[in-house]
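For reference, the structure discussed in these notes is given below.
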Amino acid sequence: VTVMLLTGSLRETHHALDISPAASYLIIVDRSATIQYRYASLVHNLGRIFCGHLGIDSRAWWSDRREFSTTSENIEAESITRLVCGRKGLNTVVDTEIAGCGDLGRELPRFSLNTILQVVGYIEEMGKSLWKGPKKKSRYK
């Protein structure tokens with residue numbers, strides 16, 4: 001499973017997918033995986049997008065947070081996945097330890113609990129009905 005910021009060359013590589021010109025990101029999920037695992041993977045990668053780990057485009061309502069370490073990004077995305085999937089009863093799908101932070105003596109890297117909770121709420125709201133787009137306007141309009 002992977003998520004990518006769409007570029008011209010990436011659009012060419014995946015031209016068979018008929019990607020909308022309005023799309024900014026591409027999430028590729030393993031079709032052979034269980035539906036529960038695909039859902040968890042989708043949530044994880046949406047979390048990475050909405051946390052700003054991949055940067056932003058002109059329609060983004062979230063902040064550009066590419067400066068975070070990989071460990072910080074993983075803590076945020078895995079926390080989002082655990083919270084969203086846990087509330088759906090999919091705890092067994094998310095069985096990894098959050099970013100390897102199980103060592104109680106280890107200091108956690110910088111991450112944003114506020115961002116995690118905002119993104120969890122946004123993803124859960126997206127899942128309630130057919131998604132109509134972001135509720136907030138772009139930061140740049």
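Since we're looking at a predicted model, the values are computed, not measured.
Atom CD1 in I28 sits 7.0 Å away from atom CG in L17 (nearest 0.5 Å). Note that the CG atom of D64 and the CG atom of L54 stand 9.5 Å from one another [nearest 0.5 Å]. Rounding to the nearest 0.5 Å gives a distance of 6.5 Å between CD1 of I116 and SG of C51. Between the OH atom in Y37 and the CG atom in L90 there is a gap of 13.5 Å [rounded to 0.5 Å]. The distance from atom CG of L83 to atom CD of E124, rounded to the nearest 0.5 Å, is 8.0 Å. A distance of 7.5 Å separates CZ in R31 from CZ in R38, rounded to the nearest 0.5 Å.
For R11, the CZ atom is densely surrounded, since the number of other residues' heavy atoms within 6.0 Å is greater than 12.
A 4.5 Å side-chain heavy-atom check between W62 and T115 finds every atom pair outside the cut-off. Looking at I49 and I27, their side chains come closer than 4.5 Å, going by heavy atoms from C-beta outward. Residues L10 and I19 are not in side-chain contact: their nearest non-hydrogen atoms beyond the backbone lie 4.5 Å or more apart. Side-chain contact between F50 and M126 is present, with at least one heavy-atom pair separated by less than 4.5 Å. With a 4.5 Å cut-off on side-chain heavy atoms, V43 and K88 do not count as touching. Taking the side chain as every heavy atom from C-beta outward, H44 and V3 never approach each other to under 4.5 Å. Here the side chains of S41 and D30 are not in contact, with every heavy-atom distance at 4.5 Å or above.
The two residues E73 and R65 make their nearest non-hydrogen contact at OE2-O, 4.2 Å. Of all the heavy atoms in R59 and S24, the pair that sits closest is NH2-OG, 2.8 Å. Closest of all the heavy-atom pairs between I80 and V120 is CA-CG2, 3.8 Å. Closest non-hydrogen pair, R66 versus G55, comes out as CG-N, 3.4 Å.
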Problem set entry | Chi angles and distances behind the side-chain hydrogen bond (donor to acceptor under 3.5 Å, both in side chains) call for T7, S9 | CA-CA 5 Å; T7 61; S9 63; 3.3 Å; yes
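With sequence neighbours excluded, the residues forming a salt bridge (Lys or Arg N to Asp or Glu O under 4.0 Å) with E67 are R110, listed by chain and number.
Note: the hydrophobic cluster containing I35 does not contain I123 (ILVMFWY, side chain heavy atoms under 4.5 Å, direct or indirect links).
Remark: aromatic rings of W61 and Y122 are close, center separation under 6.0 Å.
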